[in-house]
Colleague: 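Questions regarding the structure given below will be posed in turn.
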Amino acid sequence: MDTLYKPQGVEQRWQQVWEEEGLYAADPDPTRESWVYCFPPPNVTGNLHLGHALQISLGDMLARWKRMQGLNVLVQAGYDHAGISTQNVVEKFLESEGTSREELGREAFVARVWEWLHEYGGNIVHQFRSMGASMDYRRIRFTMDDGYVRAVTRWFVHLYERGWIYRDNRIINWCPYHQTSLSDLELEDVDMDDALTTIHYPLADGSGHVAIATVRPATILADVAVAVHPEDERYRDLVGKEVIVPVVERRVPVIADERVEMGFGTGALKVTPGHDPLDFAIGRDHGLPELTVIGPDGHMNDAAGELAGLTQDEAAKRVLEWAAERGQISKRESYRHSVPTCERCHTRIEPLISLQWWCRMDELKQPAIEALRQRKVAFHPESQHRFAISSLEDAPDWNISRQIWWGHQLPVWYCPDEHVNVAETDPDICAECGSTELRRETDVLDTWFSAELWPFATLGWPDATADLAAFYPGTLQTTAREIIRLWENRMIFAGLELFGEVPFTDVIIHSTLLAPDGRRMSKSLGTGIDPVDEIEKQGADALRYGLLKMSSTQDVRFNTQQIEEGRKLANKLWNASRLLLMAGAVEPAARPSAVEESWILARIDATRAELEDDFARFDFSHGVERLYHLIFDDFCDWYLEAIKPRLAEEDVRATALAALERLLKLLHPVMPHVTEEIWTQLPARETRLIVAPWPEPVAVEGDFGALDRAQTAARIYRRSQVRITLDGDALRIFEAVVRPSADAEQGDVEAERARLQKEIDRAEKMLANAKFVANADPAAVEGEREKLAQYVAERDALG
RNA sequence: GGGCGGUUAGCUCAGUUGGGAGAGCACCAGCUCGACAAGCUGGGGGUCACUGGUUCGAGCCCAGUACCGCCCACCA
């Protein structure tokens with residue numbers, strides 16, 4: 001009879017039972033230590049992708065392990081409102097309905113986003129359930145919940161009162177499509193072909209010209225200087241003179257600044273503070289005017305005079321024609337370079353000067369840097385810890401305002417005289433002039449400004465709740481490398497600023513899963529793989545196993561082989577339990593009566609200790625590999641085969657079930673469903689496995705030398721054949737195997753003898769090496785001596 | 001340009017203090033004995049990217065080269 005473990009119905013049933021019985025629930029409990037894993041809140045419009053699945057696999061594995069160890073485990077789940085991203089999704093939806101954001105107006109649009117979310121959003125939490133994620137589903141939070149809005153407001157006001165939030169006209173990344181500013185971290189660089197044109201700027205004194213290379217001729221209209229490197233001898237004499245900007249024929253100075261790259265183009269840079277970040281910085285340092293000729297729509301603005309209203313391409317053409325007519329173009333070449341684009345819509349970013357809200361970072365980040373240096377938070381692996389520190393050190397002031405409609409509106413009000421009022425609740429009058437005509441700031445906050453409050457806003461902050469007392473600070477974070485600067489670092493400084501404590505102690509930076517062909521996984525490349533497909537095909541347990549196995553390196557090509565391996569493991573264990581249960585169920589109890597029974601208990605014990613070490617070091621792939629070999633090789637292939645002849649004995653079955661019970665516990669964090677399913681079928685199981693205690697060591701004593709020798713002998717004499725020919729108890733089998741049997745083939749023995757002789761030669765050579773004996777670790781030398789003795793003994797035993 | 005990581009069996013990857021090249025899958029052969037749409041047992045298969053160096057000894061340490069990937073900065 002063929003039997004295949006079918007995870008589909010089983011997994012769903014257990015997910016439901018665990019949740020309904022409240023086994024995922026975490027409530028404040030002063031008698032137990034808390035252990036908290038905040039799952040990064042995914043975009044509310046999203047679906048589960050492999051990165052999420054991987055994070056669940058490792059975070060939930062640790063959570064289940066800690067729960068079995070008796071800790072009060074909270075796995076916090078929820079959604080992020082994901083400002084621009086969500087606005088995008090809903091706008092596309094509106095487009096398909098023949099309407100648009102602009103047509104609806106702000107208020108109606110935001111209402112539609114909420115409607116849309118109620119109907120289509122939130123799918124991902126259902127998918128979390130299908131992975132067996134042991135989240136406390138009662139506590140699902142959304143970053144736009146009423147309570148969360150209060151938290152964001154409180155945080156903004158707090159920072160403002162500290163003097164760390166300010167409003168300033170500075171150059172920002174402007175997305176002409178979304179009509180909003182973006183932080184540097186929301187950009188994506190794309191290689192593009194441009195034309196690099198060299199244009200002559202005549203010297204005002206008529207003594208010649210300066211040649212300047214540009215890819216954006218339209219911005220010439222906003223040039224306010226020409227800059228050269230102070231050590232560039234070609235231009236040394238020109239510094240301090242004036243040149244005439246083409247088209248607008250404005251006289252501007254030649255200045256020296258070491259940020260100019262001597263090797264690029266002609267070595268002379270046209271300075272356009274209004275439309276380039278580097279030029280902006282140079283301009284501010286040299287006190288230059290900031291002219292703007294491009295508007296928020298990406299077209300030329302009124303300041304562009306005759307060119308107003310034109311696209312940049314059209315304007316560029318006109319500028320080049322102007323210069324060509326006067327013989328001021330010396331070179332035009334094609335040029336491939338990377339340009340920043342909006343990561344959401346891939347529109348080319350327009351650097352513009354704009355009045356925005358900023359968060360000052362210098363003081364805010366210092367305690368976080370210090371905490372990281374002291375390893376109050378540890379990033380794993382170590383290389384990412386260094387990265388986290390350096391990226392905090394380098395963090396510039398943060399543009400936190402966005403000109404979109406979906407998000408947390410800034411708690412800022414202006415009176416007709418533009419006095420700024422910042423308050424937690426809507427003010428009635430301007431604090432400065434008493435005006436009652438207040439209008440609220442229309443900008444919303446960067447999504448990450450609210451996300452950084454996640455570890456405590458989910459627990460009720462700003463109220464002093466029992467949850468907050470019990471579960472803050474938390475324990476674990478899992479994340480992808482590129483999120484460290486966006487989120488983890490910010491949660492750390494927010495937590496330190498508000499509580500004086502870091503929000504978690506460990507951050508696991510998980511591997512990046514690549515498509516099977518080694519390319520980055522993405523929907524647009526068609527290389528995306530849906531984890532839900534794998535759950536349906538092979539089961540959540542198999543997926544968890546496979547992903548943990550793949551989690552060891554920084555980048556790994558996703559492959560279904562390792563998931564298949566997990567499926568086989570579940571099936572194997574399922575069938576092993578059937579063997580024992582069909583032989584007759586008895587109360588599990590370790591009563592070893594033969595050496596292999598002591599041996600398997602000792603093996604499980606040893607593996608248990610190694611596993612704890614693996615898990616504690618977040619070495620998941622070795623942990624699951626260990627479990628695989630323990631179950632397949634040791635338990636099934638050796639132990640169960642050995643006791644088959646004695647399965648009629650009650651003690652034998654009781655011991656085997658006791659061993660199985662321990663295996664189930666060890667495997668449960670990795671493969672929760674199949675283990676719980678088998679556990680339930682064992683006699684007299686009153687607790688669920690999910691909350692069963694993690695096994696204590698049993699410290700089995702025994703001399704397992706006979707088994708080791710049997711393994712060696714089995715290599716020579718094909719142990720399965722030996723087993724078949726023998727009856728009686730397993731101990732006799734092993735003894736029999738150790739002795740060469742009559743039907744052993746001479747060739748096999750010779751091959752083994754040759755193998756041993758090679759080992760002996762190697763060991764003898766090393767021990768004859770005086771430098772080795774003198775310099776090597778004494779333990780290593782002694783180890784070699786022991787190995788030599790063992791090999792010699794084995795060779796001699798062959799006769 | 002800066003940072004991080006990779007290059008080991010046909011494939012995907014292990015290899016934790018330098019001291020006998022490994023796993024899973026795939027492939028070949030035998031077995032099928034009380035669970036296993038399979039299972040068990042055995043087997044073939046590797047110049048550990050390359051070049052130098054340190055060492056009694058290097059997949060592992062050092063220097064460099066090549067290729068691949070990711071992150072960041074950006075030379076207008």
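Proteins get letters first, then strands, A, B, ... in listed order; numbering begins at 1 in each.
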Colleague: Under the ring-ring contact (aromatic ring centres under 6.0 Å, His included) rule, collect the residues that match up with His629(A), sequence neighbours excluded.
Modeller: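 Counting only residues at least two positions away or on another chain, His629(A) forms no ring-ring contact (aromatic ring centres under 6.0 Å, His included).
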Colleague: Under 4.0 angstrom, heavy atoms only, what part of the nucleic acid is Glu784(A) near: base, sugar-phosphate, or nothing?
Modeller: sugar-phosphate
Colleague: Using the P atom in both, what is the distance from G64(B) to C70(B), to the nearest Å?
Modeller: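 Each nucleotide's P atom is 25 Å from the other's.
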Colleague: Salt bridge check, Asp194(A) against Arg348(A): does any charged N sit closer than 4.0 Å to a carboxylate O?
Modeller: yes
Colleague: Can you list the residues that meet the ring-ring contact (aromatic ring centres under 6.0 Å, His included) rule with Phe387(A), with sequence neighbours excluded?
Modeller: none
Colleague: Could you check whether Gln561(A) gets within reach of a base, just the sugar-phosphate, or nothing at all, counting any heavy atom under 4.0 Å?
Modeller: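 Since a base atom lies under 4.0 Å of Gln561(A), the category is base.
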Colleague: From the list A35(B), U12(B), C40(B), which nucleotide is the closest neighbour of the side chain of Phe632(A)?
Modeller: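 Selected nucleotide: C40(B).
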Colleague: How many Å lie between CG on Asp637(A) and P on U32(B), as a whole number?
Modeller: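 That distance rounds to 17 Å.
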Colleague: Hey, what are the protein-to-nucleotides 72-76 of chain B N/O distances that come in under 3.5 Å?
Modeller:
unit_1 : atom_1 : unit_2    : atom_2 : d
C74(B) : N3     : Ser338(A) : OG     : 3.0
C74(B) : N4     : Asp189(A) : OD2    : 3.0
C74(B) : N4     : Ser338(A) : OG     : 2.0
C75(B) : O2'    : Tyr335(A) : OH     : 3.4
A76(B) : OP1    : His337(A) : ND1    : 3.2
A76(B) : OP2    : Tyr335(A) : OH     : 2.5
A76(B) : O3'    : Val215(A) : N      : 3.3
A76(B) : N6     : Glu261(A) : O      : 2.6
A76(B) : N6     : Phe264(A) : O      : 3.4
A76(B) : N1     : Glu261(A) : N      : 3.2

Colleague: When you compare the side chains of Thr3(A) and Arg578(A), does any donor N or O come within less than 3.5 Å of an acceptor on the partner?
Modeller: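 A donor-acceptor contact under 3.5 Å links the two side chains.
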Colleague: Does the base of G24(B) carry an N or O that pairs as donor and acceptor with the side chain of Gln562(A) under 3.5 Å?
Modeller: no
Colleague: Determine the interatomic distance between C1' on U8(B) and the same-named atom on U47(B); round to the nearest Å.
Modeller: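 Result for the C1' pair: 12 Å, nearest Å.
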Colleague: Quote, to the nearest angstrom, the P distance that separates A49(B) from G59(B).
Modeller: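 My reading of the P atoms in A49(B) and G59(B) gives 10 Å.
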Colleague: If you compare every side-chain N and O of Lys572(A) against the phosphate oxygens of C40(B) (OP1, OP2), does one of them come in below 4.0 Å?
Modeller: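 Yes, because at least one side-chain N or O of Lys572(A) sits under 4.0 Å from OP1 or OP2 of C40(B).
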Colleague: Output all residues satisfying side chain to side chain donor-acceptor pair (under 3.5 Å) with Arg386(A), sequence neighbours left out; order by chain, then residue number.
Modeller: none
Colleague: For the residue pair Phe635(A) and Tyr639(A), categorise the inter-ring angle as parallel (less than 30°), tilted (30 to 60°) or perpendicular (more than 60°).
Modeller: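 Ring orientation of Phe635(A) relative to Tyr639(A): tilted.
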Colleague: His200(A): what forms a ring-ring contact (aromatic ring centres under 6.0 Å, His included) with it, not counting sequence neighbours?
Modeller: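 In terms of ring-ring contact (aromatic ring centres under 6.0 Å, His included), with neighbours along the sequence ignored, His200(A) is linked to His209(A).
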Colleague: What's the CG-C1' distance between Leu392(A) and C71(B), to the nearest Å?
Modeller: 16 Å
Colleague: Say we look at G46(B) and G5(B): how far apart would their C1' atoms be, to the nearest angstrom?
Modeller: 23 Å
Colleague: In whole Å, measure the gap between the C1' atoms of G52(B) and G69(B) for me.
Modeller: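 About 27 Å, rounded to a whole number of Å.
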Colleague: In terms of side-chain heavy atoms of Arg617(A), which of U16(B), G19(B), C40(B) is nearest?
Modeller: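 Nearest to the side-chain atoms of Arg617(A), counting from C-beta on, is U16(B).
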Colleague: Would you mind listing every salt bridge (Lys or Arg N to Asp or Glu O under 4.0 Å) that reaches into residues 213-228 of chain A, with sequence neighbours excluded?
Modeller: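 Every salt bridge (Lys or Arg N to Asp or Glu O under 4.0 Å) pair that includes a residue of residues 213-228 of chain A, provided the two are not neighbours, is Arg216(A)-Glu350(A), Asp223(A)-Lys270(A).
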Colleague: Considering only atom P, compute the distance from A23(B) to C40(B) and round it to an integer number of Å.
Modeller: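 Per the computed distance, 15 Å lies between those P atoms.
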Colleague: Answer with base, sugar-phosphate or nothing: what part of the nucleic acid does Ala770(A) contact at a heavy-atom distance below 4.0 Å?
Modeller: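 Since no nucleic acid heavy atom lies under 4.0 Å of Ala770(A), the category is nothing.
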Colleague: Atom NZ of Lys771(A) and atom P of C56(B): how far apart are they, to the nearest Å?
Modeller: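 Interatomic distance, NZ of Lys771(A) to P of C56(B): 5 Å.
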Colleague: On RNA chain B, nearest-nucleotide positions of His629(A) versus Ser621(A): which is more 5'?
Modeller: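 The residue closer to the strand's 5' end, by nearest nucleotide, is Ser621(A).
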Colleague: How does RNA chain B look in dot-bracket form if you count Watson-Crick and G-U pairs under 3.5 Å, write [ ] for pairs that cross, and put | where a base pairs with another strand?
Modeller: (((((((..((((.....[..)))).(((((.......))))).....(((((..]....))))))))))))....
Colleague: Between A76(B) and C4(B), how many Å separate the two C1' atoms, rounded to a whole number?
Modeller: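 So the two C1' atoms sit 29 Å from each other.
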Colleague: Holding to side chain to side chain donor-acceptor pair (under 3.5 Å), I want the full list of residues that pass it with Glu565(A), two or more places apart in sequence or in another chain.
Modeller: Tyr545(A), Lys549(A)
Colleague: I need the NZ-P distance between Lys568(A) and A35(B), as an integer number of Å.
Modeller: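 For the pair Lys568(A) NZ and A35(B) P, the rounded distance is 18 Å.
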Colleague: Rounded to the nearest Å, what distance is computed from the CD1 atom of residue Ile643(A) to the C1' atom of nucleotide C33(B)?
Modeller: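 About 15 Å, once rounded to whole Å.
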Colleague: Could you give the distance separating U32(B) and U41(B) at their C1' atoms, to the nearest angstrom?
Modeller: 11 Å
Colleague: Quick one: does Glu641(A) reach the base of A35(B) with a side-chain donor-acceptor pair under 3.5 Å?
Modeller: yes
Colleague: Whole angstroms only, please: what is the CG-P distance between Asp394(A) and C4(B)?
Modeller: 14 Å
Colleague: Arg481(A) side chain: which of A35(B), C56(B), C70(B) is closest?
Modeller: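 Shortest atom-to-atom distance from the side chain points to C70(B).
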Colleague: Output all residues satisfying ring-ring contact (aromatic ring centres under 6.0 Å, His included) with His622(A), sequence neighbours left out; order by chain, then residue number.
Modeller: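 Checked His622(A) against ring-ring contact (aromatic ring centres under 6.0 Å, His included); zero matches.
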Colleague: What is the separation between atom CG on Leu579(A) and atom P on A35(B), rounded to the nearest whole Å?
Modeller: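 Atom CG in Leu579(A) sits about 7 Å away from atom P in A35(B).
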Colleague: Lys644(A) NZ to G39(B) C1': how many Å, rounded?
Modeller: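 Lys644(A) atom NZ is separated from G39(B) atom C1' by 9 Å.
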Colleague: Are Leu579(A) and Asn575(A) close enough, and set up right, to give a side-chain contact (heavy atoms from CB on, under 4.5 Å), and what steps lead you there?
Modeller: CA-CA 6 Å; Leu579(A) 171 70; Asn575(A) 277 294; over 6 Å; no
